[in-house]
Amino acid sequence: MTRTDIDPDRLKMFSFGLFTQLSGAVTAGMIHLGDRLGLFTALAGFDEPATTQQLADATGYDERWVREWAYNQAAAKIIDVDTTVEPERFSLSPEAVAVLADADHVAYGMGMFHRFPQTMGALDEMPESFRSGLGHDYDAHGCEGAIGIEKSFEPWNRHHLIPTVLPAVDGLVERLTAGAHVIDIGCGAGGAVLMMAEAFPASTFVGYDISERALERANERLAESGLTNARFVDPRVEPMPSDGSCDFVTTFDCIHDMTRPQEMMEAIRSAITDDGVWLLVDIKGRDNFAQNVEKNPVAALMYGISVLSCMSSALSEPGGAGLGTLGLPASKAEEMARTAGFSRFEKLDIDHSVNAFYKIEV
């Protein structure tokens, strides 16, 4: 193909599509600022649409900066604007409040934006990773990375883990109520462990993670909670049990991040009782790229996050499996679980926009 083969209209559309992607990236940075600076929560606090001067006065920021930020967000249709008055008035729709400003709402979505600078900062490390094949673990994203993951998953878990997910496993709630030994692998900042420990005081819970920053955050939250039936440890310091003593094992969105996921599954089989249950929660991947693109409207986002975060973690040691964000579809998860010694694999009927839920038994 030569330059004379270029169709002017198609060239224009390709360029438009390309710079639309750049617009999204820059706007994501502005959403990060809106969350970080409290601009969304402040805007949600007004009873009527507000001017940028009113928003600046409420937050203590310079109006000119607030105005340009608001113009970006309104142009991207993140916030609403009334241009029929002078100066313009800005507001949040009820749906925008839920996603942008209400941390207790099930749809709250600021987690990934919270850690956006850390995620994009990984770009500086990528050229060497592409050359060497080695990625970076989650601690490379710093403390804010751990908090961002916490903010990403906990709103949904607060609404659904105890009342929806656990009852979907037959007999599990009764077992936890009576008293069971539970381990959560890849516990991160500890949210799931703390929720379960509070709901089931007769059971004991241990969260395992190799991220020092996540464990630090988890232990801070544990101290604040006052709970005495939970603790958090590094498995390199205190290995997971291998004596079949665990009644219930959970892994939330972490197997695909691991350098040795098959070995982890085998370790889970060694840890669990013969009548125990493993709850595997992971990203809804499909069996191949074409299916992921067809079924997942944010497949491009998932593959990009994989390069910068998930796959990078899964390749952070030589010989890492490198599954990546969409690398654990149900078929592969079942195959790996059976190889590890499990015989029953069931997809649970739980509705989630990103994750699939599997009950795995010996």
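Positions are given from 1, in the same order as the sequence printed here.
Checked against the 6.0 Å centroid threshold, F46 and F90 do not count as a close aromatic pair. The distance between the ring centers of W156 and F357 falls below 6.0 angstrom. For Y358 and F345, the gap between ring centers is short of 6.0 Å.
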Discussion item. Before you tell me yes or no, could you show the steps for T83 and E88 under side chain to side chain donor-acceptor pair (under 3.5 Å), namely the whole-Å CA-CA distance, both residues' side-chain angles and the distance that decides it to 0.1 Å?
Written reply: CA-CA 5 Å; T83 58; E88 304 94 345; over 6 Å; no
Discussion item. Pair V233, Y208 - check side chain to side chain contact (heavy atoms under 4.5 Å, CB included), show working.
Written reply: CA-CA 5 Å; V233 297; Y208 292 91; 3.2 Å; yes
Discussion item. Is there a side chain to side chain donor-acceptor pair (under 3.5 Å) between Y138 and S309? Walk through the geometry before answering.
Written reply: CA-CA 7 Å; Y138 272 90; S309 186; 3.2 Å; yes
Practice prompt. Could you walk me through whether E144 and R115 pass salt bridge (charged side-chain N to carboxylate O under 4.0 Å, His left out), step by step?
Written response: CA-CA 6 Å; E144 297 304 318; R115 64 191 290 256; over 6 Å; no
Item to complete: Let me see the working for N355 and D282 under side chain to side chain donor-acceptor pair (under 3.5 Å), right down to the final yes or no.
Response: CA-CA 5 Å; N355 285 331; D282 219 286; over 6 Å; no
Worksheet item: Between I185 and T250, does a side chain to side chain contact (heavy atoms under 4.5 Å, CB included) hold up when you go through it step by step?
Response: CA-CA 6 Å; I185 300 164; T250 58; over 6 Å; no
Worksheet item: Yes or no on side chain to side chain contact (heavy atoms under 4.5 Å, CB included) for V307 and F130, after CA distance, side-chain angles and deciding distance?
Response: CA-CA 10 Å; V307 171; F130 272 66; 4.2 Å; yes
Worksheet item: When you look at F342 and W278, which way does the side chain to side chain contact (heavy atoms under 4.5 Å, CB included) test go after all the steps?
Response: CA-CA 10 Å; F342 293 93; W278 169 23; 3.8 Å; yes
Fill in: Stepwise salt bridge (charged side-chain N to carboxylate O under 4.0 Å, His left out) test for R269 and D274
CA-CA 9 Å; R269 175 61 189 92; D274 287 342; 3.4 Å; yes
Item to complete: Walk me through it: do E238 and R231 pass the test salt bridge (charged side-chain N to carboxylate O under 4.0 Å, His left out)?
Response: CA-CA 12 Å; E238 180 184 322; R231 59 195 185 93; 2.7 Å; yes
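Of the charged side-chain nitrogens involved, at least one lies within less than 4.0 Å of a carboxylate oxygen, so that R221 and E154 count as a salt-bridged pair. Between D62 and R64 there is no salt bridge, since none of the side-chain N atoms of the basic residue sits less than 4.0 Å from a carboxylate O of the acidic one.
Within the structure, no pair that satisfies the salt bridge (Lys or Arg N to Asp or Glu O under 4.0 Å) test touches residues 198-212, not counting sequence neighbours.
Put simply, OG1 on T251 and CD1 on I360 are 7.0 Å apart, with the number rounded to the nearest 0.5 Å. Atoms CG and CZ, on L222 and F205 in that order, are 12.5 Å from each other to the nearest 0.5 Å. The CE atom of M258 lies 10.5 Å from the CG atom of L323; values are rounded to the nearest 0.5 Å. One finds the CG atom of D35 at 7.5 Å from the CZ atom of F40 (value rounded to the nearest 0.5 Å). From M30, atom CE reaches atom CD of E68 across 10.0 Å, with rounding to the nearest 0.5 Å. We find the OG1-CG distance between T27 and N72 to be 4.0 Å, quoted to the nearest 0.5 Å.
Judged by distance alone, with hydrogens and angles left aside, the side-chain atoms of S306 form no donor-acceptor pair with the main-chain N or O of M302 at under 3.5 Å. Checking side-chain atoms of K347 against main-chain N and O of K359 turns up no donor-acceptor pair under 3.5 Å. A donor-acceptor pair under 3.5 Å is absent between the side-chain atoms of S270 and the main chain of S242, judged by distance alone. Within the 3.5 Å criterion, the main-chain N or O of H181 finds no donor-acceptor partner in the side chain of S203. A donor-acceptor distance shorter than 3.5 angstrom exists from the side chain of T339 to the backbone of E335, with no hydrogens or angles considered. R217 places no side-chain N or O within donor-acceptor distance of the main-chain N or O of E150, the cut-off being under 3.5 Å. In this structure, Y303 contributes its side chain and G324 its backbone to no donor-acceptor pair below 3.5 Å. Side-chain N or O atoms of E334 include none that pairs as donor or acceptor with a backbone N or O of A330 at under 3.5 Å.
Looking only at atom types and distance, the side chain of S93 has no donor-acceptor partner in the side chain of D80 under 3.5 Å away. Residues T204 and N229 have side chains that never bring a donor and an acceptor to within less than 3.5 angstrom of each other. Looking at D137 and S313, their side chains never bring a donor and an acceptor atom within 3.5 Å of each other.
Here the rule is side-chain contact (heavy atoms from CB on, under 4.5 Å) with I183, and of V206, I268, I272 only V206 fits it.
Scanning all heavy atoms of the two residues, the minimum distance from P49 to R89 falls at CB-CB, 3.5 Å. Closest approach of T273 and V362 over heavy atoms only: O-CG2, 3.9 Å. Summarising the geometry of H136 relative to S312, their closest heavy-atom pair is N-OG, 2.8 Å, with the distance given to 0.1 Å. Between I31 and I78 the shortest heavy-atom distance is CD1-CD1, 4.2 Å. Between C187 and L215, the shortest heavy-atom distance links the atoms SG-CD2, 4.3 Å. Pairing each heavy atom of A333 with each of L280, the nearest pair is CB-CD2, 4.0 Å.
By the neighbour-count criterion of 12 heavy atoms within 6.0 Å, atom CD of E174 is densely surrounded, having more than that number from other residues, nucleotides or ligands. Applying the 6.0 Å contact sphere to CE of M13 captures no more than 12 heavy atoms from other residues, nucleotides or ligands. D349 CG: 12 or fewer foreign heavy atoms inside a 6.0 Å radius. R10 CZ: 12 or fewer foreign heavy atoms inside a 6.0 Å radius. Heavy atoms from other residues, nucleotides or ligands lying under 6.0 Å from CZ of R286 number more than 12. Atom NZ of K332 is surrounded by 12 or fewer heavy atoms from other residues, nucleotides or ligands within 6.0 Å. Atom CG of D275 sits in a crowded spot, with more than 12 heavy atoms from other residues, nucleotides or ligands closer than 6.0 Å.
Transitive grouping of hydrophobic side chains (ILVMFWY, heavy atoms separated by less than 4.5 Å) brings V106 and I350 into a common cluster. There is a path of hydrophobic side-chain contacts, each under 4.5 Å, that joins L194 to V182. Cluster annotation: I210 and I147 are assigned to distinct hydrophobic clusters (Ile/Leu/Val/Met/Phe/Trp/Tyr, side-chain heavy-atom contacts under 4.5 Å, transitive). Neither V249 nor M195 shares a network with the other; the hydrophobic side chains, linked directly or stepwise wherever heavy atoms of I, L, V, M, F, W or Y lie under 4.5 Å apart, form separate groups for each. Note on V26 and L100: separate hydrophobic clusters, where clusters join Ile, Leu, Val, Met, Phe, Trp and Tyr whose side-chain heavy atoms are under 4.5 Å apart, directly or indirectly.
Aromatic ring orientation, H105 versus H159: tilted (interplanar angle from 30° to 60°). Between H32 and H114, the ring planes are perpendicular. Angles over 60° get that label, and only those under 30° would be called parallel.
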